[in-house]
Structures are given as C-alpha cells and as structure tokens.
Undergrad: 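Here it is: the structure, laid out below.
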Amino acid sequence: MSKPSLPAGTRDFGPDVVRKRNHILDTIRSAFQRYGYQPLETPAFENMETLMGKYGEEGDKLIFKILNNGLDNPEKEAKVRAGFETVLQGKSSTDITERALKYDLTIPFARYVAMNHGQLTFPFKRYQIQPVWRADRPQKGRYREFYQCDADVVGSRSLLYEAELACLYHEVFTNLGLTGYTLLVNHRSLLLALADRCGNQDWLVPITVAIDKLDKIGLEKVKTELTQKQIPSAAIEQIEKYLSVEGTADSVLEQLNALLGEIPEGAAGIGALREWMGYLADQPVSFRIDPTLARGLNYYTGMIFEVKAPATVSMGSIGGGGRYDDLTGLFGVSDVPGVGISFGVDRIYDVMEALELFPSDIAQPPRILFFNLGITEGKVTFGLLQELRKKGIAADMYPESAKFDKQFKYAEKRGITYVAILGESELKTQTIQLKNLSTGTQSTLSHTDFLNIELS
RNA sequence: GUGGUUGUAGCUCAGCUGGUUAGAGCAUCAGAUUGUGGUUCUGAGGGUCGCCGGUUCGAACCCGGUCAUCCACCCCA
C-alpha cells in the first residue's frame with residue numbers, strides 16, 4: 001500500500017482555509033446579488049463538442065477529457081480502435097471520450113442561454129461560482145482544479161454593463177481589503193484597427209499575441225517575435241508607435257485617435273471607451289487603459305478587462321473578462337451579445353495570504369468546552385450543552401472522562417475561551433464552574449444562571 | 001508539451017571528500033502534577049533516507065532510470 005497522495009494541481013482545503021475561502025466567496029456573492037445577478041450552476045462535465053474549439057488550439061489541449069465507459073465492449077472494438085488512432089494523431093474522438101470537464105464558466109453559460117433563450121427574460125444577468133478544470137502543468141498560482149466566480153449579462157449591447165462590472169470589481173476588491181489591484185482595460189476594436197493599419201486584419205492574432213508580452217519581455221523581443229512572424233518592418237513601425245502610447249486615460253485616447261481614428265474600428269473602439277468612462281466619471285473606480293492588453297480567449301469582441309494583483313506579490317492576473325458579440329452563435333442562437341467578468345478565487349486567496357489581508361477574527365471555534373468528568377456527571381453536562389446549543393451558542397464537550405490537564409489543553413488548542421466544569425461536587429450542589437481561559441477567572445453558577453450568562 | 005529545482009521522522013530541516021547504531025527543533029504520547037490549563041523539566045514512540053537498478057569491501061551521499069514536487073517557458077485565473 002503506497003502512501004496516499006493527491007493528483008497534481010489539486011488541494012485539500014482544511015478548516016482554516018475553507019473559512020478564509022468562504023470569506024472571499026461570500027464577499028463576491030453578496031456583491032453579485034446587490035448588482036442584480038441571479039445564481040446559476042451547470043454540470044461539472046459537458047459534452048465534448050460543447051467545449052472543443054471554443055478556447056483556441058492551446059485551450060483544446062488543456063481540456064480534461066473523460067474516458068468513455070464500455071470501451072471493452074467487443075461489438076464496438078472496430079470503432080474504438082479507429083477512435084484511438086485519431087487520438088494518437090493528436091485529435092480527439094468521441095468514440096474514446098464523449099465528455100470533458102468544464103474549462104471555464106462562460107461557455108457552459110452560453111450553452112445554457114442557447115438552450116433556454118425562449119424562457120429567459122433579457123437582459124439576463126447571472127452569476128456562477130463553481131470549480132473548473134484545466135490539464136495545465138501546475139505552478140505558482142496555477143492549479144488543475146480551481147474556482148471561478150463569473151458575472152455575465154446577455155441580451156444587451158449597453159456599455160452601462162461594462163461600467164457596472166468595473167464597479168463590481170472595485171467593490172469586491174475594496175471589501176476584501178485588496179486595494180492595491182489594477183484594473184486594465186482595452187477594446188478589441190483598437191487591436192483590429194492596428195492590424196488594419198499594418199495592412200492586414202488577419203495579422204490580428206500574431207500581433208496581439210506578441211504585444212501582450214510587452215511588459216514581460218520588452219520592446220526589442222516583441223519586435224523580434226513580430227519579424228519572425230513575417231510582419232513587414234513598415235507594419236512593425238506602426239506597432240511601435242502604438243506601443244509607445246501611454247499616460248492618463250484621456251491622453252491615451254487622444255494619441256490613439258491620432259493613430260487609428262481614421263479607421264472605422266479604431267473610431268468605434270475609442271468612442272466606446274469614451275462613453276464607458278463617462279459613466280464612471282463620478283464613481284470611485286480606478287483603471288488604466290492599456291493598449292497592449294489582448295487576452296487570449298478569442299471570443300471577445302469589445303471591451304476587455306484584466307485585473308492585476310499588486311506588483312509586490314507577482315501573481316499575474318486575478319480576474320478578467322470582456323464583451324463577446326455572439327457567444328451563443330456557437331450553439332446556433334445568434335444575436336445574443338453579452339459581457340462578463342471573472343474572479344480567480346484561488347489566486348485572490350494566495351494574494352491575500354501573501355499580503356496578510358485576512359481578518360484575524362475569521363476562525364470561529366466554539367465558545368465553551370464542557371469538561372467530561374464521568375458518565376453520571378456527563379449526563380447532566382450533556383443536557384446543559386444541548387440547552388446552550390439551542391440558544392445558538394456554539395459549544396462542545398470533551399468526549400470521555402480525562403485528566404483536567406488534557407481537557408484544558410484541548411480547549412486551548414481549539415481556541416475555545418470558556419470551559420465549563422461539572423464534577424462530583426458540582427453535581428451535589430447543582431452548580432457548575434465557568435472559567436474564562438484568557439483571564440483565568442472562574443465562578444460557580446446555578447444551572448439557570450449559567451444558561452442565561454452573557455459571554456463576553 | 002519543453003527546460004530546470006528539490007525528494008531524509010507527522011511538519012521544517014541538518015547530515016563533512018562515500019565509512020560503525022542517520023540527528024535537531026516543532027508536533028505527538030507518558031511522567032513530574034489523581035479537581036485547575038498556558039511556562040518548565042524528564043522520558044518515550046516515530047525513518048525501507050521517494051522508488052528501481054548500477055558502481056563499490058561499504059551508498060542518504062556517486063551514476064542511470066523512474067515517480068513525485070516546486071519553479072520557469074508555452075498558455076492562462
């Protein structure tokens with residue numbers, strides 16, 4: 001029997017961790033509800049065709065596939081062998097795997113909307129807090145099973161929603177005490193306009209992939225990568241101009257206007273950002289327009305968001321989102337535009353742990369531990385224990401008669417402040433001793449007085 | 001998927017150029033102390049040195065493989 005172990009990239013969450021996670025999840029959930037989003041849950045796994053091809057080529061590789069049952073059925077042997085050949089060629093075959101674990105919450109949501117669009121009232125706002133799975137190689141801040149918290153609204157093109165989602169980010173991170181975050185925004189149309197300016201809109205993907213790395217690898221390496229991707233040098237000059245844009249939001253938009261304003265997509269993107277900023281003018285939301293922000297998921301078409309953790313913790317992005325014009329079109333229902341954001345709870349947890357942002361009173365041990373001093377005494381003690389529990393006071397009792405030393409130490413380890421002692425002599429006098437472990441004070445009380453006590 | 005790091009007690013780690021019986025701190029258990037904890041003292045239990053093979057008179061240590069781990073790249077929350 002080998003030692004038990006966990007699959008790579010997964011974790012158990014002990015009591016302390018769950019409490020802290022719940023603190024984050026509760027903060028997010030209550031904000032979602034205040035903004036009028038409704039809860040939704042979808043299955044852990046979906047049909048393969050629901051997920052495949054939605055996240056790009058890289059994404060497909062990272063989808064966890066579930067092996068079909070009954071592959072040993074002799075009647076299916078030919079099919080299974082053919083399917084296996086397909087898999088060996090690096091493709092996927094539903095003859096081997098027809099289901100896969102969900103990779104994010106957005107695509108399953110799109111599937112849900114496509115299946116239920118007849119019943120839904122638009123604009124439909126939903127939030128969803130569930131685990132997702134990625135067959136990535138784990139490393140810092142990257143897990144194979146992690147939670148996403150998404151808020152999306154479908155059925156409207158109004159930029160009011162982009163504005164409210166920015167407020168939502170601000171509210172959640174402020175309530176968590178994570179004030180050092182940065183909200184980066186951009187508009188896909190600007191990137192499209194840049195590709196156009198360079199001479200070919202098909203260059204959108206290679207250009208965005210390269211410039212997205214600017215702050216990581218520097219301008220020279222970005223230019224090298226663009227050259228390698230056969231982007232002509234005249235185009236790279238344009239890109240370099242685009243990348244040099246910086247400053248306040250207004251100044252960035254002005255510079256972009258000079259660069260891309262003549263191109264319809266450019267004008268549209270700049271206009272959208274201006275309108276969005278108008279809604280936020282009197283809101284406490286802070287953000288930065290980052291023309292290099294691209295985001296990998298290829299279904300985004302409008303504004304895109306990314307939340308960066310404070311630079312001191314090197315954690316990369318702890319949230320992201322954007323507008324997609326036609327996500328449900330992938331499932332045969334067109335004309336349902338949407339916009340949404342996501343919180344990466346596991347990374348937020350890591351960041352808050354690193355910055356020591358969790359409140360210290362997050363542990364909730366029972367208030368009182370009843371000592372166990374024998375079966376006869378225990379009967380009375382158990383009765384009092386249940387009375388306290390009925391009154392809503394968290395209390396616990398030591399399971400068997402043991403030395404005081406042991407019972408005291410147990411109370412301390414669990415962080416319990418009060419112990420209640422009912423032994424032979426208290427049994428006779430129908431009293432109980434209540435001791436406060438942090439002050440050391442102790443008093444003898446009648447049972448009724450004890451049950452009415454106000455704990456400090 | 002590619003490259004590297006590290007695997008020694010429940011946890012964090014020592015362990016010399018290969019040399020008798022592999023250590024420490026914390027944790028656990030017991031006692032000092034049979035109805036009053038935190039501190040202290042004493043003692044005990046706990047290890048196939050990740051696993052498999054090789055070199056050697058001899059391997060925790062050197063070599064090969066393998067598994068796990070963490071980190072970086074790719075990509076991403």
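In what follows, chains carry the letters A, B, and so on, assigned in the order in which the sequence lines appear, proteins first and then strands, with residues in each chain numbered from 1. For clarity, every value in this text was computed on a predicted model and none was experimentally measured.
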Undergrad: Indicate whether the side chain of A:Tyr103 and that of A:Asp60 have a donor and an acceptor atom separated by less than 3.5 Å.
TA: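 There is no such pair (donor and acceptor under 3.5 Å, judged by atom type) between the side chains of A:Tyr103 and A:Asp60.
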Undergrad: Tell me whether the side-chain N/O atoms of A:Lys213 come closer than 4.0 Å to OP1 or OP2 in B:rC73.
TA: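 Negative; the distance criterion is not met.
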Undergrad: For A:Ile24 and B:rA77, what is the distance between atoms CD1 and C1' respectively, to the nearest whole Å?
TA: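 One finds 13 Å between C1' of B:rA77 and CD1 of A:Ile24, rounded.
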Undergrad: When the distance from CD of A:Gln128 to P of B:rA77 is rounded to whole Å, what number comes out?
TA: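 Result: 15 Å.
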Undergrad: Taking OP1 and OP2 of B:rC70, is either one under 4.0 Å from a side-chain nitrogen or oxygen of A:Arg137?
TA: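 Answer no for this pair, as no side-chain N or O of A:Arg137 is under 4.0 Å from OP1 or OP2.
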Undergrad: Under 4.0 Å, counting only non-hydrogen atoms across every strand here, what does A:Phe371 touch: a base, just sugar-phosphate, or nothing?
TA: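 The answer is nothing, as A:Phe371 stays clear of every strand by at least 4.0 Å.
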Undergrad: Please report, rounded to the nearest Å, how far the P atom of B:rC70 is from the CG atom of A:Leu6.
TA: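 Rounded to the whole Å, the gap is 10 Å.
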Undergrad: Regarding A:Ser317, tell me which of base, sugar-phosphate or nothing describes its non-hydrogen contacts under 4.0 Å with the strands shown.
TA: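 Sugar-phosphate contact only - A:Ser317 comes under 4.0 Å of backbone atoms but never of a base.
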Undergrad: When we call it a touch if two heavy atoms are under 4.0 Å apart, what does A:Val209 touch: a base, just sugar-phosphate, or nothing?
TA: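 Sugar-phosphate, backbone atoms only, no base.
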Undergrad: Say you pick atom P in B:rC71 and the same atom in B:rC29; how far apart are they, in whole Å?
TA: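 Here B:rC71 and B:rC29 have their P atoms 33 Å from each other.
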Undergrad: For A:Gln33 and A:Gln38, which I'm curious about, is there any donor-acceptor pair between the side chains at under 3.5 Å?
TA: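 No, because no side-chain N or O of A:Gln33 sits under 3.5 Å from a partner of the opposite role on A:Gln38.
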Undergrad: What I want to check is whether the side chains of A:Lys102 and A:Thr42 have a donor and an acceptor closer together than 3.5 Å.
TA: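 A donor-acceptor contact under 3.5 Å links the two side chains.
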Undergrad: Mind calculating the distance between CG (A:Leu293) and C1' (B:rA77) to the nearest angstrom?
TA: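 Distance check: A:Leu293 CG to B:rA77 C1' gives 14 Å.
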Undergrad: Nearest-Å distance, CD (A:Gln228) to C1' (B:rC74)?
TA: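 Answer to the nearest Å: 14 Å.
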Undergrad: For A:Gly316, answer base if it contacts any base atom (sugar-phosphate contacts may also be present), sugar-phosphate if it contacts only those atoms, and nothing otherwise; contact means non-hydrogen atoms under 4.0 Å.
TA: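 No contact.
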Undergrad: Please report the distance separating the P of B:rG37 from the corresponding atom of B:rG25, rounded so that it comes out in whole Å.
TA: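 Each nucleotide's P atom is 26 Å from the other's.
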Undergrad: Do A:Glu162 and A:Trp276 meet the criterion of a side-chain donor-acceptor pair at a distance under 3.5 Å?
TA: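 Looking only at side-chain atoms, A:Trp276 and A:Glu162 do not form any donor-acceptor pair under 3.5 Å.
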Undergrad: Write down the distance separating the C1' atoms in B:rU20 and B:rA59, rounded off to the nearest Å.
TA: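 Per the computed distance, 14 Å lies between those C1' atoms.
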Undergrad: Is it the case that the side chains of A:Glu164 and A:Tyr37 hold a donor-acceptor pair, with the cut-off being a distance below 3.5 Å and no angle test?
TA: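 There is such a pair between these side chains.
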Undergrad: Taking B:rU69 as the reference, what is the distance to B:rA22 when you measure between their P atoms (whole Å, please)?
TA: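 Result for the P pair: 30 Å, nearest Å.
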Undergrad: With a 4.0 Å cutoff (strictly under), does any side-chain N or O of A:Gln139 reach OP1 or OP2 of B:rA72?
TA: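 So the side chain of A:Gln139 is within the cut-off, an N or O lying under 4.0 Å from OP1 or OP2 of B:rA72.
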Undergrad: Can any side-chain N or O of A:Thr97 pair as donor or acceptor with the backbone N or O of A:Thr94 at less than 3.5 Å?
TA: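 Here the side-chain-to-backbone pair does not exist.
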Undergrad: Kindly give the heavy-atom pair with the smallest separation between A:Asp212 and A:Ala294, and that separation in Å.
TA: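 Shortest heavy-atom separation between A:Asp212 and A:Ala294 comes out as OD1-N, 3.4 Å.
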Undergrad: Across the strands shown, which category fits A:Ala8 at heavy-atom distances under 4.0 angstrom: base, sugar-phosphate, nothing?
TA: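 Result for A:Ala8 = sugar-phosphate.
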Undergrad: Would you mind building the protein contact string for nucleotides 31-44 of chain B? One character per nucleotide, 5' to 3', B for base within reach (heavy atoms under 4.0 Å), S for sugar-phosphate only, - for untouched.
TA: S---BBBB------
Undergrad: Please determine if a side-chain N or O atom of A:Lys413 lies less than 4.0 Å away from the OP1 or OP2 oxygen of B:rA27.
TA: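 No, outside the criterion.
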Undergrad: Check whether the side chain of A:Arg142 and the base of B:rC75 form a donor-acceptor pair under 3.5 Å.
TA: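 Yes, the side chain and the base share a sub-3.5 Å donor-acceptor pair.
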Undergrad: Taking atom C1' in both B:rA30 and B:rG45, what distance in whole Å separates the two?
TA: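 So the two C1' atoms sit 10 Å from each other.
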Undergrad: Classify the side-chain pair A:Asp150/A:Gln128 by whether it contains a donor and acceptor separated by less than 3.5 Å.
TA: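 No, no side-chain donor-acceptor contact under 3.5 Å.
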Undergrad: Please give the nucleotide sitting opposite B:rC74 as a Watson-Crick or G-U wobble pair, both distances under 3.5 Å, or none.
TA: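 Base partner found: none.
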Undergrad: Figure out the CD1/P separation between A:Ile304 and B:rA77, and round it to whole Å.
TA: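 Those two atoms, CD1 and P, are 12 Å apart.
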Undergrad: So, do A:Phe370 and A:Tyr410 have ring centers that fall under 6.0 Å from each other?
TA: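 Aromatic pair excluded; centres sit 6.0 Å or further apart.
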Undergrad: How long is the line joining CG of A:Asp136 and P of B:rA77, in whole Å?
TA: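 Between P of B:rA77 and CG of A:Asp136: 10 Å.
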Undergrad: Quote, to the nearest angstrom, the P distance that separates B:rG7 from B:rU21.
TA: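 It works out to 24 Å between them.
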Undergrad: On RNA chain B, compare the nucleotides closest to A:Phe146 and A:Lys140; which residue's is nearer the 5' end?
TA: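 Nearer the 5' end of the strand: A:Lys140.
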Undergrad: Can you check the distance between B:rG46 and B:rU39, where both ends of the measurement are the C1' atom (answer in whole Å)?
TA: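 Per the computed distance, 26 Å lies between those C1' atoms.
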Undergrad: Would you mind reading off the distance between A:Tyr300 atom OH and B:rC76 atom P, rounded to a whole angstrom?
TA: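 That distance rounds to 11 Å.
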Undergrad: Taking atom C1' in both B:rU5 and B:rU42, compute the distance separating them and give it to the nearest angstrom.
TA: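 Their C1' atoms lie roughly 42 Å apart.
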